[in-house]
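Notes follow the structure.
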Protein chains: 2
Amino acid sequence: MVARPDRKPDVFGAISHPSRRRMLDLLAGADHSVNAMAGHFKMSRPAVSQHLRVLLDAGLVTEQRHGRERRYHFVPKRLGPVRDWISQYERFWDDRLSRLQMLLSKRNKG
Amino acid sequence: MVARPDRKPDVFGAISHPSRRRMLDLLAGADHSVNAMAGHFKMSRPAVSQHLRVLLDAGLVTEQRHGRERRYHFVPKRLGPVRDWISQYERFWDDRLSRLQMLLSKRNKG
DNA sequence: AATATACGTAAGGGAATGCTTACGCGTCAA
DNA sequence: TTGACGCGTAAGCATTCCCTTACGTATATT
């Protein structure tokens, strides 16, 4: 028996929805409970919960129980695949400076 | 009457599908006709055509007629929103070098 | 002119997405 | 214990996505 066979680590899919990107933006500033997060959106609280689930499945956030709250925490490292994919095109934007950027990126990794 | 009222410039949505990201990767190397592109995928030619349409609507590619062919051409600049959004998190990966990267990014734009 | 090629698009269907309301369960408060 | 709170999940529904096959159109070939 596997822990969670139905989890989808699709980071690109997870960030494809504007609301989920905004949630990550908010979480980048501070951890949020579901209710705190829902305060920033017009959709229902369960809808927010479902979006957070997508982010959780993608590994972009973690959850931590605090009493009856669940605080969601941003995991920026999981954006790595997006960064890697996009940085492959740096040379297209500016050949003059982008090589330095790419060098920095490489050193950033190693 | 508007030219194309139903076009969706949703770049994040456009790159959310693995096949479309691979198409951009291929187009980054060289322009491709639809048939040339379809040669790299298992799906039908119309399916490829439809994916290219999504990329076209997002502005990520342009098409150029050459006889009965249509050559698709990569427009890297349109990845800007993705790059901008992701680069906002650079500081999370490495505070030491990322500030320089962000500086370079700013100068890259202006 | 007749045929082949390259491609877009319509039509259809199965699956996924994104929302809602209803409900159940654990936790804090009185 | 009783009730309010915070939250996840089930169920239902409309919409979108992604693929297929069938067909139409413009261009090239013979």
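These numbers come from the heavy atoms of this one structure, side chains and all, not from hydrogens, waters or symmetry mates. A, B, ... follow the sequence lines: proteins, then strands. Residue 1 opens every chain.
- Between the OG atom in A:Ser19 and the NZ atom in A:Lys42 there is a gap of 11.0 Å [rounded to 0.5 Å].
- Side-chain proximity of A:His51 to the nucleotides C:dC19, D:dG8, D:dG6 is greatest for C:dC19.
- In this structure, B:Ile86 CD1 and B:Leu79 CG are separated by 12.0 Å, a value rounded to the nearest 0.5 Å.
- In this structure, CG of A:Leu52 is placed 15 Å from C1' of C:dC19, rounded to the nearest angstrom.
- Closest non-hydrogen pair, B:Asp31 versus B:His73, comes out as OD1-ND1, 2.8 Å.
- Atom CZ of A:Arg53 and atom P of C:dG18 are 15 Å apart (whole Å).
- At a threshold of 4.5 Å between non-hydrogen side-chain atoms, the residues A:Met43 and A:His51 count as touching.
- In terms of heavy-atom proximity, A:Arg22 sits nearest to A:His40 at NH2-O, 3.2 Å.
- Residue A:Tyr72 places none of its side-chain N or O atoms closer than 4.0 Å to OP1 or OP2 of D:dC7.
- The side-chain heavy atoms of A:Gln88 and B:Asp25, taken from C-beta on, include a pair separated by under 4.5 Å.
- Just one residue in the list B:Leu60, B:Val11, B:Ile15 forms a side-chain contact (heavy atoms from CB on, under 4.5 Å) with B:Leu55, and that residue is B:Leu60.
- For B:Pro46, the side-chain atoms get nearest to D:dA22 when compared with the rest of C:dA6, C:dG18, D:dA22.
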Extract from the structure each pairing of a protein N or O with an N or O of nucleotides 13-17 of chain C at less than 3.5 Å, listing the distance.
unit_1: C:dT17; atom_1: OP2; unit_2: A:Lys8; atom_2: NZ; d: 2.9

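- Across the protein-nucleic acid pair, B:Leu55 atom CG and D:dC17 atom P stand 13 Å apart, rounded to whole Å.
- Side chain of B:Arg83 to backbone of A:Arg83: no donor-acceptor contact under 3.5 angstrom is found.
- Of the residues in residues 25-45 of chain B, B:Ser33, B:Val34, B:Asn35, B:Arg45 come within less than 4.0 Å of DNA chain C through at least one heavy atom, sorted by number.
- Contact detail for A:Leu56 and A:Thr62: the closest heavy-atom pair is CD1-CA, 3.9 Å.
- Summarising the geometry of A:Val48 relative to A:Phe41, their closest heavy-atom pair is CG2-CB, 4.5 Å, with the distance given to 0.1 Å.
- A heavy atom closer than 4.0 Å to some atom of DNA chain D occurs in A:Glu63, A:Arg68, these being the qualifying members of residues 60-68 of chain A.
- Distance CD (B:Gln50) to P (C:dT9): 10 Å, rounded to an integer number of Å.
- Under a cutoff of 6.0 Å and an axis angle of 45°, B:Arg21 and A:Phe12 form a cation-pi pair.
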